[in-house]
> 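Sending over a structure as structure tokens; questions will come in a sec.
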Amino acid sequence: MGIVDKIKAIEEEMSRTQKNKATEHHLGLLKGKLARYRQQLLADEAGAGGSGGGTGFEVAKSGDARVVLIGYPSVGKSSLLGKITSTKSEIAHYSFTTLTSVPGVLKHEGAEIQIVDLPGIIYGASQGKGRGRQVVATARTADLVLMVLDATKSKHQRESLEKELEAVGIRLNKEKPNIYFKKKETGGVKVTFTAPTKTTLTEDAIKLILKDYRIHNADVLVRDDNCTIDDFIDIINDQHRNYIKCLYVYNKIDAVSLEEVDRLAREPNTVVMSCEMDLGLDDVVKEIWYQLNLSRVFTKKRGIRPEFGDPLVVRNNSTVGDLCHSIHRDFKDKFKYALVWGSSAKHSPQKCGLNHKIHDEDVVSLFTK
Ligand SMILES: Nc1nc2c(ncn2[C@@H]2O[C@H](COP(=O)(O)OP(=O)(O)OP(=O)(O)O)[C@@H](O)[C@H]2O)c(=O)[nH]1
């Protein structure tokens with residue numbers, strides 16, 4: 001039986017099995033198997049699709065952050081890209097013959113944010129269909145997923161996209177489960193809970209799943225009493241899981257009632273807009289910026305005013321060392337000390353080393369040996 005058939009068989013068995021106390025371990029085991037087979041399916045395709053040719057899907061990563069657009073056809077992805085991104089001339093530097101997606105660049109607050117429209121996405125990727133695998137690989141590299149939805153359509157569109165992403169290991173707006181897991185050479189499986197579990201994730205369930213994964217020696221510490229069997233399966237498949245923020249964008253609000261717009265706008269992590277009427281586009285950009293949580297750092301040369309027009313953009317929680325790295329790979333080796341002005345500095349300026357955490361809008365002078 002091929003993997004696709006195995007996956008189908010497990011999905012069918014799961015939908016046939018009633019959820020109750022007696023079946024919960026069995027269901028957990030099936031979920032674990034399903035995760036493993038899906039993994040295998042994506043990995044097999046990686047081998048098959050990686051040999052160049054004209055069917056690949058690659059996007060050169062550039063800019064300070066990457067946002068991927070995900071949505072059904074005709075929801076308005078191209079319209080949105082056209083409105084918020086600048087010309088795509090940057091892409092001329094890259095000569096990918098297999099490039100099938102041209103990223104747009106959103107310039108905001110001095111940062112360059114790459115926005116990639118994933119073609120056709122993902123539909124059926126988890127079942128091994130089409131070029132899904134390469135598309136999924138690109139989605140994994142995103143700092144933010146922008147799910148573009150059609151306000152005139154049912155909520156099924158959102159659910160089915162979420163399900164597809166879920167099936168390939170992409171977790172939206174979710175933290176990595178708080179479970180410590182370490183495989184060992186000997187000593188058997190040791191399971192500890194810091195508090196009695198509130199879910200079906202019991203010691204027996206954990207042991208059963210690990211046995212199915214042929215893991216016979218491991219330490220497991222469940223630190224959160226709300227962790228579920230699915231969370232535990234995510235932890236054992238950790239290399240293939242990505243926890244990515246998602247912003248839901250409802251387009252075409254010009255075509256629905258005000259009550260409906262109001263209802264949609266109140267959903268968490270959601271913005272509403274109309275590309276056609278130019279409504280809400282600023283909010284979309286603002287929200288992208290907010291979700292990416294980037295920091296702008298202005299560099300300053302001795303005796304000269306800082307260059308406020310052209311910040312260096314780094315991830316939130318970055319250090320002076322990260323800043324050096326973003327200037328040049330080897331810059332850290334030459335680094336002597338930094339002077340920092342701004343909210344991260346205890347006094348202005350503060351003399352700092354590589355480990356100093358910088359804040360948004362700090363001004364930094366770097367001194368080299
Ligand atoms: N009513 C309304 N229609 C819109 C809006 N934005 C886009 N459309 C229409 O929706 C259709 C699809 O828009 P596109 O931007 O091509 O959508 P897409 O998601 O890029 O579609 P694909 O290229 O097929 O993936 C076009 O006919 C647009 O005119 C909007 O805000 N309101």
Side-chain angles (χ1 to χ4, degrees), residues 54-59 66-91 96 98-107 113-127 129-142 144-165 168 170 172 244 246-267 269-288:
T55 57
F57 177 83
E58 288 175 54
V59 193
R66 172 182 276 185
V67 175
V68 301
L69 291 188
I70 287 177
Y72 278 109
S74 299
V75 293
K77 297 190 298 300
S78 319
S79 312
L80 175 63
L81 261 176
K83 296 268 182 188
I84 64 173
T85 63
S86 58
T87 52
K88 294 158 183 168
S89 60
E90 283 85 350
I91 203 62
F96 284 99
T98 56
L99 189 80
T100 45
S101 175
V102 181
V105 177
L106 163 64
K107 293 195 171 136
I113 299 159
Q114 187 187 50
I115 305 203
V116 188
D117 181 6
L118 294 185
I121 138 129
I122 282 204
Y123 315 123
S126 60
Q127 310 289 329
K129 286 186 200 140
R131 288 181 305 141
R133 206 237 20 122
Q134 287 106 327
V135 174
V136 170
T138 306
R140 285 189 197 288
T141 64
L144 175 71
V145 168
L146 207 68
M147 195 179 285
V148 188
L149 302 159
D150 186 333
T152 66
K153 299 268 165 66
S154 74
K155 63 178 190 195
H156 166 79
Q157 39 168 353
R158 174 173 160 171
E159 283 165 7
S160 75
L161 286 173
E162 285 176 332
K163 223 168 116 195
E164 286 286 348
L165 291 173
V168 298
I170 294 175
L172 300 177
I244 308 178
C246 176
L247 180 63
Y248 300 93
V249 178
Y250 284 93
N251 186 30
K252 309 194 187 180
I253 53 164
D254 53 286
V256 297
S257 70
L258 254 165
E259 289 76 23
E260 180 64 0
V261 174
D262 189 53
R263 190 186 67 75
L264 292 173
R266 284 170 197 275
E267 287 181 5
N269 303 309
T270 299
V271 222
V272 296
M273 68 167 185
S274 162
C275 281
E276 206 151 277
M277 311 279 281
D278 256 331
L279 285 173
L281 287 158
D282 290 347
D283 294 337
V284 173
V285 172
K286 261 192 231 150
E287 197 56 31
I288 290 174

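First listed ligand is number 1; within each ligand, the first listed atom is number 1. Since we're looking at a predicted model, the values are computed, not measured.
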> Just jot down the side-chain contact (heavy atoms from CB on, under 4.5 Å) partners of Asp282, sequence neighbours excluded, or say none.
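With sequence neighbours excluded, Asp282 shows a side-chain contact (heavy atoms from CB on, under 4.5 Å) to no residue whatsoever.
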
> Run through all N or O atoms in ligand 1 and write down each protein N or O closer than 3.5 Å, as a pair with its distance.
| unit_1 | atom_1 | unit_2 | atom_2 | d |
| --- | --- | --- | --- | --- |
| ligand 1 | 1 (N) | Asp254 | OD2 | 2.9 |
| ligand 1 | 3 (N) | Glu276 | OE1 | 3.4 |
| ligand 1 | 6 (N) | Asn251 | ND2 | 3.0 |
| ligand 1 | 10 (O) | Lys252 | NZ | 3.2 |
| ligand 1 | 15 (O) | Ser78 | N | 3.4 |
| ligand 1 | 15 (O) | Ser79 | N | 2.8 |
| ligand 1 | 15 (O) | Ser79 | OG | 2.5 |
| ligand 1 | 17 (O) | Gly76 | N | 3.0 |
| ligand 1 | 19 (O) | Ser74 | N | 3.4 |
| ligand 1 | 19 (O) | Val75 | N | 3.2 |
| ligand 1 | 19 (O) | Gly76 | N | 2.9 |
| ligand 1 | 19 (O) | Lys77 | N | 2.8 |
| ligand 1 | 19 (O) | Lys77 | NZ | 3.4 |
| ligand 1 | 20 (O) | Lys77 | N | 3.4 |
| ligand 1 | 20 (O) | Ser78 | N | 2.7 |
| ligand 1 | 20 (O) | Ser78 | OG | 2.4 |
| ligand 1 | 21 (O) | Ser74 | N | 2.8 |
| ligand 1 | 24 (O) | Ser74 | N | 3.3 |
| ligand 1 | 25 (O) | Lys77 | NZ | 3.1 |
| ligand 1 | 29 (O) | Glu276 | OE1 | 3.4 |
| ligand 1 | 31 (O) | Asn251 | OD1 | 3.1 |
| ligand 1 | 31 (O) | Asp254 | OD1 | 3.3 |
| ligand 1 | 31 (O) | Ser274 | OG | 3.1 |
| ligand 1 | 31 (O) | Cys275 | N | 2.9 |
| ligand 1 | 31 (O) | Glu276 | N | 3.0 |
| ligand 1 | 32 (N) | Asp254 | OD1 | 2.7 |
| ligand 1 | 32 (N) | Asp254 | OD2 | 3.4 |

> What distance separates Leu106 CG from Gln114 CD, expressed to the nearest 0.5 Å?
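Going from CG on Leu106 over to CD on Gln114, the span is 11.5 Å.
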
> With a 4.5 Å heavy-atom cut-off, do Tyr248 and Leu172 have their side chains touching?
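In short, these two side chains touch, coming nearer than 4.5 Å.
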
> Between Gln157 and Asp150, is there a donor-acceptor pair closer than 3.5 Å when you use the side chain of the first and the backbone of the second?
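Yes; at least one donor-acceptor contact below 3.5 Å.
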
> Who are the side-chain contact (heavy atoms from CB on, under 4.5 Å) partners of Ser79, not counting sequence neighbours?
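In terms of side-chain contact (heavy atoms from CB on, under 4.5 Å), with neighbours along the sequence ignored, Ser79 is linked to Cys275.
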
> Holding to side-chain contact (heavy atoms from CB on, under 4.5 Å), I want the full list of residues that pass it with Ser154, two or more places apart in sequence or in another chain.
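Residues passing side-chain contact (heavy atoms from CB on, under 4.5 Å) with Ser154: His156.
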
